[in-house]
Amino acid sequence: MNRTQVRHVLDTIGTMFPDAHCELRHENPFELTIAVLLSAQCTDETVNKVTADLFHKYKKPEDYIAVPLEELEMDIRRIGLFRNKAKNIQQLCRILLERYNGEIPREHERLVELPGVGRKTANVVVSNAFDEPAIAVDTHVERVSKRLALANWKDSVLEVERKLMKQVPREEWTLTHHRLIFFGRYHCKAQNPQCEICPLLPMCREGQKRMKKR
DNA sequence: CTCCCGATAT
DNA sequence: ATATCAGGAG
């Protein structure tokens, strides 16, 4: 895919979703980190339902470690993988208090050391909370990038991230990341992609195949 | 690679 | 009934 084609993709999703943004409700870097950790294999909508009450009850790292693990588990029970997530949150909060005075570190290298925080979560935090350009590759970004041939089918998420960083200007990384998510979540969906009304159909092999079969 | 896992859409 | 959802760890 050449520069002109990439530019066309970026401009098109920019027109479709000009104000794409983080849909996880949060007030500060700490809440954002907890919300992203909770969002694994779960919709943003479900996370927001849970955090509405959760962030009212737990304000600081001290609050999360003040309760028994079982209580925190029950408070996030409606989200999947709740045992792992509850354990990770308490461990993460202990580390924040021990090493970082209860604050979320701004460096990617330190973020990924936290339990339950991988490369994707760290990228979301640095870009949304600390204005550091980053492209977090989640399920939507991976699927859309591969369908639009911004990456290859066999690429790992890390390879997808590298290819996107190479093809997209650095100052557009974060906004493009959000637009790819919106494009994937609301248009180029996993189950019912809107190929019939897709302005990028000419660039999409998947879409071409899919349209043939009907 | 497998496991963790409830809510929602299809 | 099955697929999918802002993944990470062992």
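So you know, we letter chains A, B, ... as the sequences are listed, proteins then strands, and number each from 1. The analysis underlying the following values was restricted to heavy atoms, covering all of them including side chains, and did not include hydrogens, waters or symmetry mates. All values reported here derive from a predicted model rather than from experimental measurement.
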Once base and sugar-phosphate atoms are separated, protein heavy atoms under 4.0 Å mark nucleotides 2-10 of chain C, 5' to 3', with B, S and - as -SSBBBSS-
Applying salt bridge (charged side-chain N to carboxylate O under 4.0 Å, His left out) to A:E62 and not counting sequence neighbours gives none
Tested for side-chain hydrogen bond (donor to acceptor under 3.5 Å, both in side chains) against A:E161, the lone hit among A:R119, A:K120, A:H177 is A:R119
Taken in chain and number order and not counting sequence neighbours, the residues that satisfy side-chain contact (heavy atoms from CB on, under 4.5 Å) with A:R78 are A:K49, A:V50, A:D53
Separation between the [atom1] atoms of [N] and [M], rounded to whole Å:
N	M	atom1	value
C:dA3	B:dT2	P	15 Å
B:dA7	C:dG8	P	22 Å
C:dT2	B:dC5	C1'	15 Å
C:dA6	B:dC3	P	24 Å

5'-most contact on DNA chain B (nearest-nucleotide basis), A:K49 vs A:F82, goes to A:F82
Using distance only, find each side-chain donor-acceptor pair of residues 178-186 of chain A under 3.5 Å and give its atom names and separation, not counting sequence neighbours.
from, atom 1, to, atom 2, distance (Å)
A:H178, ND1, A:T174, O, 3.3
A:H178, NE2, A:N128, OD1, 3.2
A:R179, NE, A:F17, O, 3.2
A:R179, NH2, A:P18, O, 2.9
A:R185, NH1, A:E23, OE1, 2.3
A:R185, NH2, A:D44, OD2, 3.2
A:Y186, OH, A:E23, OE1, 2.6
A:Y186, OH, A:E23, OE2, 3.1

inquiry  = Donor-acceptor check, side chain of A:E31 to backbone of A:E27, threshold 3.5 angstrom: yes or no?
reply    =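 Pair found, side chain donor or acceptor close to backbone of A:E27.
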Please list, one pair per line, the donor and acceptor atoms closer than 3.5 Å that link side chains of residues 87-97 of chain A to other protein atoms, with sequence neighbours excluded.
from, atom 1, to, atom 2, distance (Å)
A:N88, ND2, A:N84, O, 3.2
A:Q90, NE2, A:Y64, O, 3.0
A:Q90, NE2, A:V67, O, 3.0

Q.
Let's go through A:V126 and A:R106 carefully: what are the C-alpha distance in whole Å and the side-chain angles of both, what is the deciding distance for side-chain contact (heavy atoms from CB on, under 4.5 Å) to 0.1 Å, and is it a yes or a no?
A. CA-CA 6 Å; A:V126 298; A:R106 309 173 92 87; over 6 Å; no
Span of DNA chain B engaged by chain A, first through last nucleotide within the 4.0 Å heavy-atom cut-off, is B:dC4 to B:dT10
**Prompt:** Crowded around A:R7 CZ? As in, over 12 foreign heavy atoms under 6.0 Å?
**Reply:** yes
